[in-house]
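Structure record follows, encoded as structure tokens.
Only this structure's heavy atoms are used, side chains among them; waters, hydrogens and symmetry mates stay out. Below, read A as the first sequence line, B as the second, and so on, with proteins coming before strands; counting in each chain starts at 1.
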There are 2 protein chains.
Amino acid sequence: MENRELILECALELFSHRGYDAVGVQEIAEKAGITKPTLYHYFGNKRGLLESVLKENYLKLETALLKAADYRRDLPLTLHRVVSAYFSHAANHPVFYRMYISMIYSPPESESFKAAMPVLQRQLEMLEQLFIKAAGDHGNMRGRHKPYAVSLLAMVNTYIQMCYSNHIQLNNETTFKAIHQFMHGIFS
Amino acid sequence: MENRELILECALELFSHRGYDAVGVQEIAEKAGITKPTLYHYFGNKRGLLESVLKENYLKLETALLKAADYRRDLPLTLHRVVSAYFSHAANHPVFYRMYISMIYSPPESESFKAAMPVLQRQLEMLEQLFIKAAGDHGNMRGRHKPYAVSLLAMVNTYIQMCYSNHIQLNNETTFKAIHQFMHGIFS
DNA sequence: TTGATATTATACCACACGGTATAGAAAATA
DNA sequence: TATTTTCTATACCGTGTGGTATAATATCAA
């Protein structure tokens, strides 16, 4: 139980800094202080390790998102909670979120992208559900849930990326600004 | 002269679809119908090949950008030309631009990111120059050239990425909308 | 204690990796 | 024609890759 977590943690760090393809299984094992068979015992193969690293770290974010996306007929409030959930997770788990971002922007045939695809999809579906519910109160949004979900997610990741490049800070003011910008993009 | 271009073209395609680390020199040589020593004769090593692919494809974009960024005291017009230059290049050279995007979002210690960094920097400097000039006519922009350049570029790449995912189209209407959104973000 | 199961290390496999020494052609120069 | 330079192929190198067969050890239930 201890070694498994250790391997996950070391793999995350290495994948995040240098990328999945550039890191060998050997190196992960060495950094974790174990040997390859131990790693293969827990994760089957390298791809399985990547998927476990991604999924088990994403779960924490997803539970926060599900809580935040609870729609109570106040869209700006809900969006604020959702975006805040993203920003605080990105701020508290930068190593993970950097890896995730690099994965979803990877080439379409790469292992990284294929592994990240389902995670991305789950977020989109969740956001779509939110916008479908919101369309009940805002008729002019009806039928647009897909582009809304896509562009909200794109905006969130853009802001996070800019934060990681030290160009902005993910404080409350930024959150409001982002949502304002998003809403303005919708209703125009 | 023929083999060199052929290698560049094949490498671009493979890097764009599967990523730099996942593609071997052997495979590039096979696809180009030549052998490894030929490749190493022209590019020295794998990293040199990547840099050549990136730089020689970027040059076409840069000349278009330099022409577009010529500021004649009409910021909206200049921005429209710049964004249009980006969008049309992304539309006409999707294989290249996909590779470029995946590179700038790669992990910071990866070869891909390190190779893309200078190209990204050149674009930022060019855009900063534009905003510095524009600040002569729009006093309230003064001193903000850096965040403006960063966020314009981020927005452009976000739109391009959404186009590649078939969520939007990069037509004239989208261009105006993007600029409108950017200007609104600035003056608020 | 016994037996089964889960976990770990040693040692190894075939293979692909990036890269090169050597030398043969081809082309240009003298 | 002789010579030099550019370009290309054969064949190879050491190393590291993802992955595994085997067996020892630890854990735990009966």
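Side-chain atoms of B:Y97 and B:N157 form a donor-acceptor pair, as typed in the model, at a separation below 3.5 Å. In the model, A:T175 has no side-chain atom that pairs as donor or acceptor with a side-chain atom of A:N172 under 3.5 Å.
For the side chain to side chain donor-acceptor pair (under 3.5 Å) test, no residue two or more places apart in sequence or in another chain qualifies with A:Y105.
In this structure, the CD atom of A:E5 is 15 Å from the C1' atom of C:dT7, given to the nearest Å. For the pair B:E30 CD and C:dG18 C1', the interatomic distance rounds to 14 Å; values are reported in whole Å. Rounding to whole angstrom units, CZ of residue B:R4 and C1' of D:dT6 are separated by 14 Å. In this entry the distance linking CG of A:L6 with C1' of C:dT7 reads 15 Å, nearest Å. Atom CZ in A:F43 sits about 16 Å away from atom C1' in D:dG19, given to the nearest Å. Computed from coordinates, the B:L49 CG to C:dC17 P distance equals 14 Å when rounded to whole Å. Atom-to-atom, CG of A:L39 to C1' of C:dA9 comes out at 14 Å; the value is rounded to the nearest Å. Distance B:D21 CG to D:dT17 P: 12 Å, rounded to the nearest Å.
Look at A:Y42 and you'll find a side-chain N or O under 4.0 angstrom from OP1 or OP2 of C:dT8. Of the side-chain N and O atoms in A:K46, one or more sit less than 4.0 angstrom from OP1 or OP2 of D:dG18. In this structure, A:H41 does not reach the C:dT8 phosphate: none of its side-chain N or O atoms is under 4.0 Å from OP1 or OP2. Put simply, B:N3 has a side-chain N or O that comes within less than 4.0 Å of OP1 or OP2 on D:dT8.
Between D:dT20, C:dG19, D:dA9, one nucleotide has an atom nearer to the side chain of B:K36 than all others, and that is C:dG19. With C:dT8, C:dT20, C:dC17 as the choices, the nucleotide that has an atom nearest any side-chain atom of B:Q26 turns out to be C:dC17.
The nearest heavy atom of DNA chain D to A:Y40 and to B:G33 marks one nucleotide each, and the one closer to the 5' end goes with B:G33. Each of B:E27 and A:T38 lies near DNA chain C, and the nucleotide nearest A:T38 is the one positioned closer to the 5' end.
The existence of a salt bridge linking B:E27 and B:K31 is excluded, since no basic side-chain nitrogen approaches an acidic carboxylate oxygen closer than 4.0 Å.
By the criterion of side-chain heavy atoms lying less than 4.5 angstrom apart, applied directly or through intervening Ile, Leu, Val, Met, Phe, Trp or Tyr residues, A:L59 is not grouped with A:I104; the two fall into different hydrophobic clusters.
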